[in-house]
Asker: 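Quick one: this structure, given as C-alpha cells, is what I'll be asking you about.
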Amino acid sequence: MKIAVIGTGYVGLVTGTCFAETGNHVTCVDIDEVKVQKLQSGKVTIYEPGLEAIFERNIKQKRLDFTTDLKEGVKDAEVIFLALPTPPGGDGAADLQYVLKVADDLGHILDKYAVIVDKSTVPVGTADKVHNAIEKNAKVEFDVVSNPEFLREGVAVDDFMKPDRVVIGTQSDKAKKIMERLYAPLVRQGNPIIFMDERSAELTKYAANSFLATKITFMNEIANLCERLGANVDMVRKGIGTDTRIGKRFLFAGIGYGGSCFPKDVQALAKSAKDAQYDFKILNAVMDVNTTQKTRLMDNLNGYFKNNLEGKTIAMWGLAFKPNTDDIREAPALYNIEALISAGAKVQAYDPEAMENVKGQIGDKITYAENPYDALKGADALMIMTEWPVFRTPDFDVIKEELSEPLILDGRNLYEVDQMQELGLTYFSIGR
Ligand code: NAD
C-alpha cells in the first residue's frame, strides 16, 4: 500500500517506519526542514530503542522517504495518517490548529479517494471537524477515520508492531476494509482490531490515558499516606497488585507522571467534560495531586538543609520524563531544576539520552556531566528523577566518597531502604 504520514515526531516516525517494515511504501511529511533533512540523510531524529535498525533497512530498500512538500508526500497515497501535535491550548483544550490546517490543505490537494486517519490524540468530534475542513474544497471522495495511538515511548516499536489492540473508529465499510488490510500483519497473534464509531474511538484514547494517570496518582497518594502512617508502599503495591482485578502494572509510586501525553490528555478530557457541563471531579484531583507530587522531594531536601539551599550543588540523575527516551516534555526533572535554581542551588545533571534536549531548552542554567559519577563531583546531594537501568545498581562507595553529605533523594524508589541505612546514607524515597 502507498501511505503518507503527516508529522514526523515520536508517533509519526514510528508509524511510518513500522508500516514500511510490513512492506508498504511510506512517505513521511514534516514542515520542520532541519528534521526532514536529517531524516533524508539517513539519521533518526529521536531516541527510541530498535527504531534505527528498521529505519535504515527501509530507507535502503526504498520503502521509506521524507519530504517537506505535502502535495508530493500524499501523491497516490491510499491512507494518509495525521500524526500532528495537539498541545494544550490556553484553556486546557487540545489545540487543533495543526490538524485542521493540514486537513484544510488536503482538501485542495486530494485528487483521488484516500482514507485520512486521525492518529493524533484529539477530542471527541474532531473526525467531523477534519471531515468538514477537507470537504470544503474536496473534489474527490474520502473517508476520515479515528485511529488513536497507544504506543509508549521507550518501547514504541514493540508496541506498534505488536499492539495489545488496535482501535479504529469509522462508519465507512470501504475505509474499514483498507484499515483492516493495513493492520493485519500487526495482529497476527490474535490481538483484536476493535471497530467502533469515530466519537467512541476518540474518547477511548483519553479514557485510557486518564485512567492510567489516575492509577499512578492513586498510588502516589497511598505512598504519601504510607509515610504518615509508617507503612511501606512497596509492600502495599505487592499486596494489591496480586489481585487480578487490580493488576501489577502502573502501581509504582514516584514523583508523578510527566511526558507529552498524560498531563495534556488529562487536562483536555477535563476540559471536554466541563464543556459538556459535566464536572469530572476525579480528573481535577489527579491534576492537583500530580502538581505537588512532582516536587515532593524538595520538602525533604529543604528539611535536611534547614531551608537553606543557597550555594548548594545538587547532582541530578535522569532528565527524561521516563527511561529509554530522550523526551523531556513535562519531565518532573525540569520542575525540580526550576525549584532548585530559584532556591539558589546549582544542578549538575546526567542523563543517558536527554541532555541534548535539555540543553536546547534551558541551555547552561545547569551543567551536564559525562557520566553519572562526574555529576556527583563536589555535589552536596544526589536526586534521582528517572529510573534509567544504569542507575539501578551504582557503586555506593563512590557516591558516598563524592558527595559532601551522604544524602540521596530518590524519586523512583530504586534502592532498598535497609541497604541505604547499612551503608550510612541518608535516603529519602517515596512512601517508604
Ligand atoms: P511531536 O511533536 O513529536 O511530532 C509532531 C510533528 O508534527 C513535529 O515533527 C512537527 O514538526 C510536525 N508538524 C507540525 N505541523 C505540521 C504540518 N503542518 N505539516 C507537517 N508536519 C507538521 O508529537 P508526537 O509526540 O509524535 O505526538 C503526535 C500526536 O500523537 C499528539 O496528538 C500526541 O498526543 C499523540 N500521541 C503521542 C504519543 C507519544 O508517546 N508521543 C503516544 C500516543 C499518541
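The chain is numbered in sequence order, starting from 1. Since the model is a prediction, treat every value here as computed from it, not as a measurement.
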Asker: Which atoms form the tightest heavy-atom contact between V187 and P163, and what is the distance?
Answerer: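 In this case the closest contact between V187 and P163 is CG1-CG, 4.4 Å.
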Asker: Are the charged groups of K71 and D69 less than 4.0 angstrom apart, N to O?
Answerer: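 No.
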Asker: Measure from the side-chain N and O atoms of Y373 to the backbone N and O of D395, and report whether any donor-acceptor pair falls under 3.5 Å.
Answerer: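 Yes: the side chain of Y373 pairs with the backbone of D395.
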Asker: Would you call E33 and K38 a salt bridge, using N to O less than 4.0 angstrom?
Answerer: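 No, E33 and K38 are not salt-bridged.
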Asker: Is K215 positioned over the aromatic face of F250, cation under 6.0 angstrom from the ring centre and no more than 45 degrees off axis?
Answerer: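 Judged by the rule, K215 and F250 form no cation-pi pair.
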Asker: Residues two or more places apart in sequence or in another chain: which of them pass salt bridge (Lys or Arg N to Asp or Glu O under 4.0 Å) with D159?
Answerer: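 For D159 the salt bridge (Lys or Arg N to Asp or Glu O under 4.0 Å) partners, ignoring immediate neighbours, are R152.
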Asker: Determine whether a donor-acceptor pair (N or O, by modelled atom type, separation under 3.5 Å) exists between the side chain of Y427 and the backbone of Y415.
Answerer: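 Side chain of Y427 to backbone of Y415, a donor-acceptor pair under 3.5 Å: yes, one is there.
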Asker: Start with the C-alpha gap between E72 and K75, add the side-chain angles, then the distance that decides, and say whether salt bridge (charged side-chain N to carboxylate O under 4.0 Å, His left out) holds.
Answerer: CA-CA 5 Å; E72 179 194 314; K75 193 172 175 326; over 6 Å; no
Asker: Looking only at the aromatic ring of each residue, does the gap between the centers of F211 and F262 stay below 6.0 angstrom?
Answerer: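 No; F211 has its ring centre 6.0 Å or more from that of F262.
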Asker: Examine distances only and state if a side-chain atom of K294 and a backbone atom of L334 form a donor-acceptor pair shorter than 3.5 Å.
Answerer: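 Side chain of K294 to backbone of L334: no pair is present.
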Asker: What is the distance from atom CG of D118 to atom CD1 of I80, rounded to the nearest 0.5 Å?
Answerer: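 These two atoms lie 12.0 Å from each other.
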Asker: I'd like to know if the side chain of Y368 pairs up with that of D374 as donor and acceptor (distance under 3.5 Å, no hydrogens or angles considered).
Answerer: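 The answer is no; no qualifying pair exists.
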Asker: Relative to Y113, does K174 satisfy both conditions: NZ or CZ under 6.0 angstrom from the six-membered ring centre, and within 45 degrees of the ring's axis?
Answerer: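 Yes.
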Asker: Any Lys/Arg nitrogen of D91 or K271 sitting under 4.0 Å from an Asp/Glu carboxylate oxygen of the other?
Answerer: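 Salt bridge: yes.
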Asker: Is D173 salt-bridged to K177, going by a charged N under 4.0 Å from an acidic O?
Answerer: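 Answer for the salt bridge query: no.
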Asker: To the nearest 0.5 angstrom, please state how far the CG atom of N58 sits from the CZ atom of R63.
Answerer: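 Answer rounded to 0.5 Å: 4.5 Å.
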Asker: Mark yes or no for whether S429, through its side chain, and D410, through its backbone, hold a donor-acceptor pair below 3.5 Å.
Answerer: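 Answer holds: no.
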Asker: Give a yes or no on whether a salt bridge exists between K377 and E402, defined as a side-chain N under 4.0 angstrom from a carboxylate O.
Answerer: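 Yes, K377 and E402 are salt-bridged.
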Asker: Would you call F321 and S260 a side-chain contact if the rule is heavy atoms closer than 4.5 Å?
Answerer: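 Side chain of F321 against side chain of S260, heavy atoms only: no contact under 4.5 Å found.
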Asker: Looking at every non-hydrogen atom in both residues, tell me the closest pair between D234 and N232 and how far apart they are.
Answerer: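 Nearest heavy atoms, D234 then N232: N-OD1, 2.8 Å.
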Asker: Below 6.0 angstrom between ring centroids: does that apply to F19 and F160?
Answerer: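 Yes, the ring of F19 comes within the 6.0 Å limit of the ring of F160, centre to centre.
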Asker: Is the closest basic N to carboxylate O distance between D105 and K101 below 4.0 Å?
Answerer: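 A salt bridge links D105 with K101.
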Asker: Enumerate the salt bridge (charged side-chain N to carboxylate O under 4.0 Å, His left out) contacts for residues 128-141, please, sequence neighbours excluded, ordered by first and then second residue.
Answerer: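 Output for this query lists D104-K136, D128-R199.
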Asker: Using residues 48-57 as the side-chain source, report each donor-acceptor pair under 3.5 Å to any protein atom, sequence neighbours left out, with the distance given to one decimal.
Answerer:
from: E48; atom 1: OE1; to: G154; atom 2: N; distance (Å): 3.0
from: E48; atom 1: OE2; to: G154; atom 2: N; distance (Å): 2.7
from: E48; atom 1: OE2; to: V155; atom 2: N; distance (Å): 3.1
from: E48; atom 1: OE2; to: A156; atom 2: N; distance (Å): 3.0
from: R57; atom 1: NE; to: E21; atom 2: OE1; distance (Å): 3.4
from: R57; atom 1: NH2; to: E21; atom 2: OE1; distance (Å): 3.4
from: R57; atom 1: NH2; to: E21; atom 2: OE2; distance (Å): 2.8

Asker: Establish, yes or no, whether the cationic atom of R165 lies under 6.0 Å from the six-membered ring centre of F150 and within 45° of the ring axis.
Answerer: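 That pair qualifies as a cation-pi contact.
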Asker: Between N224 and R296, do the side chains contain an N or O donor and an N or O acceptor separated by less than 3.5 Å?
Answerer: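 There is such a pair between these side chains.
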Asker: Give a yes or no answer on whether the side chain of W317 reaches the backbone of L382 with a donor-acceptor pair at less than 3.5 Å.
Answerer: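 Side chain of W317 to backbone of L382: no pair is present.
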